[in-house]
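Everything on this sheet refers to the single structure shown next.
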Amino acid sequence: MLTVTLPDGSTRDYQQPVSVAEIARSIGSGLAKAALAGRVDDELVDISHVVDGDAAVAIITDRDADGLEILRHSCAHLMAQAVQRLFPEAQVTIGPVIADGFYYDFAYNRPFTPEDLSAIEKTMQEIVKEDLIVEREVLERDDAVKLFRDMGERYKVEIIESIPSNEPLSFYRQGDFIDLCRGPHVPSTGKFKAFKLTSVAGAYWRGDSSRETLQRIYGTAWPNSKELRLHLLRLEEAEKRDHRKLGKHLGLFHFQEEAPGMVFWHPKGWTIYQVIQSYMKKVQDENGYLEINTPQLVDFSLWEKSGHAAKFSEEMFTVESDNRQYAIKPMNCPCHVQVFNQGLKSYRDLPMRLAEFGSCHRYEPSGSMHGLMRVRNFVQDDGHIFCSEEQIQSEVADFMQLLFKVYRDFGFNDVLLRLSTRPSKRVGADELWDQAEDALRQALDATGLDWELVPGEGAFYGPKIEYSLRDCMGRLQQCGTMQVDFFTAERLGARYVAEDNSRRIPVMLHRAALGSFERFIGVLIEHYGGALPAWLAPVQAVIMNITDNQANYCRKVEESLKNKGFRVVLDLRNEKIGFKIREHTMQKTPYLLVAGDREAQSGTVSVRKRGGEDLGTMTLDAFCGHLGDDVAEYGRTSSDSALQQQVGT
RNA sequence: GCUCGCAUAGCUCAGGAGGUAGAGCACUUCAUUGGUAAUGAAGAGGUCUCCGGUUCGACUCCGGAUGUGAGCACCA
């Protein structure tokens, strides 16, 4: 006799051990059919799993997040089986679940082509029709090694051999295909309803660039074809919002072969950049930062002293002049220490917050560059806070307030916080790392927000908090950073006089809110799909005449709006009004002002928003008020966001 | 940097057994002065990314370089 408690709190008694599938069947035949797996006392299991004691049991279907993940993981197996049917020489390696789908890496003597993908997809459909039972088996490690060695699957053998020998290993078999897997999996291959193979790419075996390249196939899987279609639609939408495409279309910037990874900003793009920069300048002023500016070229020896050359010399641009080796600065920190070092500093000077819109050059690997998102020349909204150990926490907390305000003004309410701790290659004593990591941990806890730990991803000189924005497509964009550094100040000889007249080494906090202007603008363009809010829009309003009669009136309107500080342009071209409306709508100008004879006579403008909304005819003053309000709103959206409630601002 | 693609007019893209190319939009000119997402006509515009090779002949085939795309790796 055993009692099973279901998620709704109800209980069911069974006379003898019972499988999850049987429990599902005893609840209802519909559920039995939909069952993909089970959750027994918080552990995910196959539906064949037998419950032999009192337990809390939930039936997992594809409506469940876990169920969808299981479906996708099983779909990776399905794909591997199909690949091996079509290409018996292909060796299997690993095939995990990723966001929205899965991939599987194969070792094969040639890359897969798009034609191969459709063939594989077809074979997958066939296997689905065959509705093969998926069975779990447990093998001893040595038996497992033998099994896969006999099949000639040397990658699997390597994986199995790397697992401790005393662990029994589970395998899943479907027809003639067997794979090492923790599971659980769907009960049979008939359970898949909607999947699609999306792309192929090379990937390194075990993620190690010194090892062989495998052929990776990406796929996506959903509970039904409608959701699959929606997903594909979302991908299309994302493609339309691609900042590289919009940057060209809206005339914001360009790249060219002579300066790979470096931006040529056009007037409109540069306007956006300048608006953001003056906004950040203001925010920093209000928060006690002192803006500075430091040289582009700095003798290589400084980078040796700071420790950057040892780790990044390959990625630094260098210039030789007068037999001296200079580096084009890849970062601003060492220069900021030089500013701090001028004059004897007292504890009374701390915290000293130095900020610079610092242009940096880094020789990024060619394959890593991506539009504005990853470039070789970028400008950070960089800042270094020199402080005492006691001041770390409040400085970190203050910075977070600044950061959340900034993000909210740009229209981002969802921020993900991650703490990256000591990497294997690092400088300094572990006790200092303990201290630095603790300081950040406490600062994170103090926000009351959730945060994630990412072990081993810190900078070589200290742990860091990374702030990622969730954009409107649900993607995470890492922008802000806060890093605690106990080493650089010491290496570069920074000292201050403490209360007891001793010389102490200041702690250095490296911080940026936007990260880089380039990347941040890229994120903004994609987040807004190019339709930037009025405060950021390079052109806030366009004034259009209907016939030449109103040209002078339009010029007056332009002048008066410009005098009020608005960014407006005139369009007096000899074109029909519909044509002009269409063009400026496509250029995503927030406000389209039309002036015909009626408006010219009454001193008004007819106002249309880029979305097509007609605000009617209003006086110029009324429009100025409207636009002024809109600009003052920044990009702030829903006032009830969880983030705002939690940080209480 | 690695794997595999891609590179044709300002932009978006066609094209051809290897015989130096085409559309739409944009641009210029002319006509048109029209009230909320495309007025009409004409014109101009190209060393088909670059360097080699094969060939009577290469934009097309082969090799390389550069840039770029999707991933991977990297990211102070």
Side-chain angles (χ1 to χ4, degrees), chain A residues 98 103 105 110-114 198-218 242 244-245 248-249 251 254-261 303 306-316 329-334 360 362-371 373-374 376 378 380 382 423 425 427 457-462 464 466 478 481 483 485 488 510 515-516 519 544-551 572-587 592-599 606-614 617:
Chain A
I98 50 172
Y103 67 78
D105 286 347
R110 65 164 178 85
F112 294 109
T113 63
T198 47
S199 64
V200 273
Y204 299 113
W205 169 229
R206 301 214 136 175
D208 183 341
S209 60
S210 65
R211 307 192 68 170
E212 57 269 50
T213 299
L214 305 173
Q215 305 303 326
R216 176 170 297 180
I217 303 179
Y218 285 90
D242 189 315
R244 293 165 297 187
K245 203 174 257 188
K248 198 178 267 182
H249 178 237
H254 85 271
F255 289 92
Q256 68 184 52
E257 219 170 313
E258 288 80 355
W303 309 103
S306 72
H308 290 97
K311 195 159 190 278
F312 295 109
S313 62
E314 292 290 299
E315 285 79 36
M316 282 156 75
K329 74 173 167 185
M331 50 169 9
N332 308 299
C333 338
C360 299
R362 295 180 185 174
Y363 187 79
E364 299 287 358
S366 57
S368 70
M369 290 188 296
H370 178 88
M373 301 301 196
R374 185 95 178 257
R376 287 190 174 151
F378 54 92
Q380 297 174 312
D382 206 0
K425 272 178 141 183
V427 294
E457 292 294 310
F460 74 89
Y461 51 69
K464 59 184 175 185
E466 294 201 325
Q478 201 249 301
T481 185
Q483 308 173 2
D485 177 0
T488 306
H510 307 243
S516 88
R519 183 179 158 71
M544 298 167 281
N545 60 342
I546 289 177
T547 69
D548 289 344
N549 270 338
Q550 308 91 34
L572 301 179
R573 288 176 302 171
N574 175 15
E575 296 290 351
K576 291 192 168 177
I577 194 66
F579 176 87
K580 295 189 195 177
I581 298 266
R582 178 182 151 82
E583 265 201 356
H584 296 290
T585 300
M586 291 197 308
Q587 284 296 305
L592 313 181
L593 311 185
V594 176
D597 285 334
R598 292 201 293 270
E599 288 80 8
S606 165
V607 184
R608 178 187 161 117
K609 294 177 84 167
R610 63 187 154 202
E613 192 190 341
D614 185 1
T617 302

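Below, read A as the first sequence line, B as the second, and so on, with proteins coming before strands; counting in each chain starts at 1. What you see is a predicted model, and the numbers here were worked out from it, not measured in a lab.
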Note to self: Between rA37(B) and F579(A), is there a base-stacking contact, meaning the centre of the base's six-membered ring lies under 5.5 Å from the residue's ring centre while the planes stay under 30° apart?
What the structure shows: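 No, aromatic ring not over the base.
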
Can you find a donor-acceptor pair, distance only, under 3.5 Å between [X] side chain and [N] base?
X	N	answer
D597(A)	rG35(B)	no
S366(A)	rU68(B)	no
D614(A)	rU36(B)	no
R374(A)	rC74(B)	yes
R610(A)	rA37(B)	no
R362(A)	rC75(B)	no
Y204(A)	rG1(B)	yes
E315(A)	rG1(B)	no

Which listed nucleotide ([options]) is nearest to the side chain of [X]?
X	options	answer
Y218(A)	rC72(B), rA76(B), rU68(B)	rC72(B)
R608(A)	rG67(B), rA37(B), rA76(B)	rA37(B)
I577(A)	rU36(B), rA38(B), rC74(B)	rU36(B)
N574(A)	rU36(B), rG34(B), rG35(B)	rG34(B)
T213(A)	rC72(B), rG34(B), rU3(B)	rU3(B)
P365(A)	rU33(B), rA73(B), rA76(B)	rA73(B)
Y461(A)	rA37(B), rC4(B), rA76(B)	rA76(B)
H370(A)	rG34(B), rA70(B), rA76(B)	rA70(B)
S368(A)	rG71(B), rA73(B), rA76(B)	rA73(B)

Next item on the list: Please determine if a side-chain N or O atom of K580(A) lies less than 4.0 Å away from the OP1 or OP2 oxygen of rA38(B).
Entry: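 So the side chain of K580(A) is outside the cut-off, no N or O lying under 4.0 Å from OP1 or OP2 of rA38(B).
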
Check: OP1, OP2 of rG69(B) versus side-chain N and O of R244(A): anything below 4.0 Å?
Finding: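 Indeed, a polar side-chain atom of R244(A) lies that close.
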
Show me the protein contacts with nucleotides 9-15 of chain B, counting only N or O atoms at under 3.5 Å.
{"from": "rU12(B)", "atom 1": "OP1", "to": "K248(A)", "atom 2": "NZ", "distance (Å)": "3.2"}

Check: Relative to each other, are the rings of F460(A) and H308(A) parallel, tilted or perpendicular (30° and 60° limits)?
Finding: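 Ring orientation of F460(A) relative to H308(A): perpendicular.
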
Check: With sequence neighbours left out, what residues match F579(A) under ring-ring contact (aromatic ring centres under 6.0 Å, His included)?
Finding: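 For F579(A), no residue satisfies ring-ring contact (aromatic ring centres under 6.0 Å, His included) once neighbours in sequence are set aside.
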
Item checked: Test log, rule side chain to side chain contact (heavy atoms under 4.5 Å, CB included), inputs R362(A) and M331(A) -> CA-CA 9 Å; R362(A) 295 180 185 174; M331(A) 50 169 9; 3.9 Å; yes

Item checked: Nearest heavy-atom neighbours spanning E364(A) and S368(A) ->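 Closest heavy-atom pair between E364(A) and S368(A): CB-OG, 3.7 Å.
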
Next item on the list: Using a heavy-atom cut-off of under 4.0 Å over every strand shown, decide if R216(A) touches base, sugar-phosphate, or nothing.
Entry: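 Since only primed, P, OP1 and OP2 atoms lie under 4.0 Å of R216(A), the category is sugar-phosphate.
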
Margin query: Show me the dot-bracket string of RNA chain B, counting Watson-Crick or G-U pairs under 3.5 Å, with | for pairs to another strand and [ ] for crossing ones.
Written below: (((((((..((((.....[..)))).(((((.......))))).....(((((..]....))))))))))))....

Check: Atom CG of D105(A) to atom C1' of rC4(B): distance rounded to whole Å?
Finding: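 Whole-Å distance recorded here is 14 Å.
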
Check: Hey, are D242(A) and R244(A) close enough for a salt bridge, meaning a charged N less than 4.0 Å from a carboxylate O?
Finding: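 Salt bridge: yes.
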
